Amino acid sequence: MAADVGGVTPRPYVPVVTKLHAVIGNDHCVENEESSTTLVRNPATGQEITRVPSLGEAEVDAAIARASRAFETWRHVTPGDRARLLRRFAAAVDAHGEELAALEVANAGHVIGNARWEAGNVRDVLEYYAAAPERHSGRQIPVPGGVDLTFHEPLGVVGIIVPWNFPMAIAGWGFAPALAAGNTVVLKPAELTPLSALRIGELALESGLPEGVLQMLPGKGSVVGQRFVTHPAVRKICFTGSTEVGRTIMAGCADQVKRVTLELGGKSANIVFADADIELAAARAPYGVFDNAGQDCCARSRLLVQRSVYDEFLGLLEPAVAGVVVGDPTEEATEMGPLISAAHLATVSSFVPDGAPVAFRGSSPDGPGNWFAPTVLAPVDPRDRAATEEIFGPVVVVIPFEDEEDAVRLANDTPYGLSGSLWTRDIGRALRVARAVETGTLSVNSHSSVRYWTPFGGTKQSGIGRELGPDALDAFSDVKNVFISSD
Ligand code: TAP
């Protein structure tokens, strides 16, 4: 494990997080000025899990300086050795998959089945991009008077800012291609959900990544994240989060013409045509919006149903929603867990006030924890707040449409454009509507959005740039053109 790799001596394992210990406090995540720590709670039980350091600007600057020094070495590690180190990192994540999944269940309230998938996703994304350093080749372009070559140059230090809804998967989508392209990474997990990222940072060191190559920096967005934006040595920001914060990040990056990738909010449509397999579309619809308790940027939170099958569809949807298993996320059979925090529960609840047009609801546990039952609102005017704003909770609005043109008009009547689905047996219609809906990804007869082999990202105010897929390395490198005269 401690072999010298490409002139870089990998570090032995040094834990960077002290043992998790329970502490007393009142909120899910409370800043403590005196000790500069943040209290982290279990959203399913309300119980405290641990305190995590909340870094100040001087500590962030020191970490960025370490990342800058590490870059000078990491960028010169040979492609084969960089690939080998990333494969070791993937193997360490794989070996600790159950532990990482358990952290995500406890800290983010993810159901155990999803959390295992997410840990596996971090491993898979690392393995996928471990193949990249040996394949990210430039071009030789025919020109008169000599030879012209292009090279993919790493950018330097990349700052990755991660939200709380998919803490470890979204972290991996950023750091795996960034490291493969030869950059070093500073990563800020969300204050509410830092635990899996901190453990992955330990695993990176344990598997031999040199010190400073990947650093997890917990703390506030307004301190740690903001410093990534303003620090001149950070050459790119990879931000996932709300459109509101994304706008400020983009404006801040403009000051230094800093590269930026933004993965932001969504209000995606699930379009059900009358010629679809209506039973299947209704059976699957709850999982297109209630997965991760609706805290999913790709949630299909607008269900557009052709009027001729509207009543039939709602009749089939009701038992499907009632059948969603909501409860203890540690149980294998559970399909939906709690919301992330009491504050977020209040926000989601505000979309279902007394008198809201609740067609039907699923179940949710009583007692402690941030529980909100799956909720179907119908009929809903397309201009209602619940139909236009991102709720980020288990609430779906159902809206009828007349024909293909009407469906596309409604689907596009939003500033967002991240994801979506359409259900039809007509392949021509599937292609026409898939092309007409303004969105970064779309699934036909499925709710799948994220596959690490394919590009993912939004259009309109859902973001800029694409993650994952074969081209992700291009987002973490610049093309240098070199002309060699033959005269
Ligand atoms: P945000 O409040 O935007 O926070 C996201 C991250 O940005 C957190 O780490 C946060 O830190 C940090 N941050 C906050 N203010 C900042 C600032 N001024 N400068 C730099 N960083 C700052 O979003 P959220 O509530 O965590 O996540 C929910 C949103 O993310 C939803 O809108 C959802 O659609 C979107 N989302 C999008 C995607 C994709 S792929 N498009 C995926 C997941 C989530 P703190 O932890 O300190 O707040």
Side-chain angles (χ1 to χ4, degrees), residues 67 70-71 74-94 118-138 150-163 166-189 197 200-201 203-204 207 209-210 212-216 228 234-240 258-263 440-441 449-458 463-480:
F71 173 65
W74 181 245
R75 67 182 306 182
H76 296 301
V77 172
T78 63
D81 285 340
R82 201 184 304 149
R84 228 182 314 280
L85 279 170
L86 291 176
R87 281 196 293 270
R88 280 191 203 170
F89 187 9
V93 170
D94 188 42
E118 289 151 20
N121 182 257
V122 177
R123 172 205 59 215
D124 291 346
V125 171
L126 274 167
E127 278 177 359
Y128 182 75
Y129 289 109
E134 295 168 291
R135 291 166 175 78
H136 199 212
S137 49
T150 67
F151 297 87
H152 295 287
E153 301 288 1
L155 301 173
V157 180
V158 170
I160 299 176
I161 303 172
V162 178
F166 289 107
M168 67 176 151
I170 289 174
W173 303 351
F175 68 66
L179 295 174
N183 304 283
T184 53
V185 170
V186 286
L187 184 146
K188 192 203 96 63
I200 288 170
L203 293 173
S207 56
L209 252 72
V213 168
L214 173 61
Q215 298 175 81
M216 305 303 190
F228 290 0
V234 177
R235 297 293 170 80
K236 163 154 187 159
I237 299 291
C238 190
F239 172 82
T240 305
K258 191 172 288 194
R259 281 140 189 76
V260 62
T261 300
L262 301 174
E263 299 286 4
T441 67
S449 290
V450 177
R451 288 165 234 86
Y452 61 85
W453 310 272
T454 60
F456 175 73
I464 288 181
R466 293 292 177 268
E467 297 190 294
L468 300 175
D471 303 324
L473 261 63
D474 294 342
F476 293 104
S477 51
D478 270 341
V479 172
K480 178 179 284 174

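Just so we're clear, the structure is a prediction, and the values are computed from it rather than from any experiment.
Side-chain contact between His152 and Val479: present, with at least one pair of heavy atoms (C-beta onward) separated by less than 4.5 Å. For the pair Leu126/Val122, a side-chain contact is recorded, criterion being any heavy-atom separation below 4.5 Å from C-beta on. The side-chain heavy atoms of Ile170 and Pro163, taken from C-beta on, include a pair separated by under 4.5 Å. Side-chain contact check for Ile464 versus Val260: every heavy-atom pair is 4.5 Å or farther apart. Using a 4.5 Å heavy-atom cutoff, the side chains of Ile200 and Met168 are in contact. Using a 4.5 Å heavy-atom threshold, the side chains of Thr261 and Lys236 count as touching. Annotation: side chain of Asp474 is in contact with side chain of His136 (closest heavy-atom distance under 4.5 Å). Side-chain contact between Thr441 and Thr454 is absent, with no heavy atoms from C-beta onward closer than 4.5 Å.
The distance from the CG atom of Leu214 to the CD1 atom of Ile160 is 7.5 Å, given to the nearest 0.5 Å. With rounding to the nearest 0.5 angstrom, the CG atom of Leu262 is 7.5 Å from the CZ atom of Phe239. Atom CD in Gln215 sits 10.5 Å away from atom CG in Leu187 (nearest 0.5 Å).
Nearest heavy atom pair, residue Ala181 against residue Pro154, reads O-CB, 3.3 Å. The shortest non-hydrogen separation linking Thr184 to Ala67 is OG1-O, 2.9 Å. Residues Gly172 and Val125 approach most closely at O-CG1, 3.7 Å, considering heavy atoms. Here the closest heavy-atom approach between residue Gly174 and residue Pro177 is recorded as O-CD, 3.4 Å. Residues Glu467 and Cys238 come closest through the heavy atom pair OE2-SG, 3.5 Å. Nearest heavy atom pair, residue Arg82 against residue Ala180, reads NH1-O, 2.8 Å.
Taking Arg235 as the reference, nothing meets the salt bridge (Lys or Arg N to Asp or Glu O under 4.0 Å) condition, with sequence neighbours excluded. Scanning for salt bridge (Lys or Arg N to Asp or Glu O under 4.0 Å) contacts around Glu134 gives an empty result, with sequence neighbours left out. Applying the ring-ring contact (aromatic ring centres under 6.0 Å, His included) test to Phe166 and every residue at least two apart in sequence or in another chain returns His110.
Counting only distance, with no hydrogens or angles, the side chain of Arg123 and the backbone of Asp94 share no donor-acceptor pair below 3.5 Å. At distances below 3.5 Å, not a single donor-acceptor pair connects side-chain atoms of Asn183 with backbone N or O atoms of Val157. A distance-only check finds a donor-acceptor pair linking the side chain of Arg466 to the backbone of Gly458 [under 3.5 Å]. Between the side chain of Trp74 and the main chain of Gly212, no donor-acceptor pair closer than 3.5 Å is present.
Phe89 and Phe175 have their aromatic ring centers within a separation under 6.0 angstrom.
Applying the side-chain contact (heavy atoms from CB on, under 4.5 Å) test between Arg259 and each of Val234, Val158, Leu155 identifies Leu155 as the sole match. Between Trp173 and the options Tyr128, Tyr129, Phe476, Phe456, a ring pair (Phe, Tyr, Trp, His ring centres under 6.0 Å) holds for only Phe456.
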Stepwise side-chain contact (heavy atoms from CB on, under 4.5 Å) test for Leu179 and Leu209: CA-CA 10 Å; Leu179 295 174; Leu209 252 72; 3.9 Å; yes

